Amino acid sequence: MMAAVIGIRDSKKKKTEGETTALQLKKRNEELEEELRQSKEREEHMRRQLHAALERLRVAEDAEERLCSQLGELEAEAVEQARDYHARIVSLMNQLSLSHTLLNSNTNLPSISLSSSS
């Protein structure tokens, strides 16, 4: 009879150990599921951040293209203005040279006094 009581205790002990193991496994499974959920949330958050960064990059590239285009237009305008300025300087130099030539050629003429008569 003692063997029967020991057998019952052993089966209850095994059943309790099995239940404890099952509870531990269930708890561990819940922990893993929570970690997985958090991991998916972090992944989704990172995905949103990546998309936002890509959008900012696209906007920056568009702005860069516009700025380069504007810079090219300004450079072309600056070259045109420099050419116009140079042409004006050459024209003024020619006029000055002609004026000097005329003044030098008229040195034999009598001088005209520009004094004021009162």
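Source: prediction; values computed, not measured. For reference, positions follow the sequence shown, starting with 1.
- A donor atom on one side chain and an acceptor atom on the other are found under 3.5 Å apart for His45 and Gln49.
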Check: So Leu36 and Lys40, side-chain contact (heavy atoms from CB on, under 4.5 Å) or not? Walk me through it.
Finding: CA-CA 6 Å; Leu36 177 62; Lys40 286 182 177 182; 4.0 Å; yes
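- Of the inter-residue distances, the one linking Leu96 atom CG with Ile89 atom CD1 reads 12.5 Å to the nearest 0.5 angstrom.
- Glu31 pairs in a side chain to side chain contact (heavy atoms under 4.5 Å, CB included) with only one of the listed residues (Lys27, Glu33, Glu34), which is Lys27.
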Next item on the list: May I have the step-by-step check of side-chain contact (heavy atoms from CB on, under 4.5 Å) for Arg42 and Ser39, ending in yes or no?
Entry: CA-CA 5 Å; Arg42 283 191 305 270; Ser39 176; 3.7 Å; yes
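- Interatomic distance, Thr21 OG1 to Arg28 CZ, rounded to the nearest 0.5 Å: 15.0 Å.
- Counting heavy-atom neighbours within 6.0 Å of Gln38 CD, excluding the residue itself, gives a total above 12.
- For the pair Thr20 (side chain) and Thr16 (backbone), a donor-acceptor distance under 3.5 Å is present.
- The hydrophobic clustering, which links ILVMFWY residues whose side-chain heavy atoms are closer than 4.5 Å, places Leu67 and Val59 apart.
- Between Glu43 and Arg47, some side-chain heavy-atom pair lies under the 4.5 Å cut-off.
- Taken from CG in Leu74 to CD in Gln81, the straight-line distance is 9.5 Å, to the nearest 0.5 Å.
- Around CZ of Arg48, the count of heavy atoms belonging to other residues, nucleotides or ligands within 6.0 Å exceeds 12.
- Separating the CZ atom in Arg37 from the CD atom in Glu41 is a distance of 4.0 Å, to the nearest 0.5 Å.
- Judged by distance alone, the side chain of Asn104 and the main-chain N or O of His100 form a donor-acceptor pair under 3.5 Å.
- Separating the CD atom in Glu64 from the CG atom in Leu57 is a distance of 9.5 Å, to the nearest 0.5 Å.
- Taking the charged nitrogens against the carboxylate oxygens, Asp62 and Arg58 do have a contact shorter than 4.0 Å, which makes a salt bridge.
- Under the 4.0 Å criterion applied to side-chain N and carboxylate O atoms, Glu80 and Arg83 are not assigned as salt-bridge partners.
- Judged by distance alone, the side chain of Ser99 and the main-chain N or O of Gln95 form a donor-acceptor pair under 3.5 Å.
- A donor-acceptor pair under 3.5 Å links the side-chain atoms of Thr101 to the main chain of Ser97, judged by distance alone.
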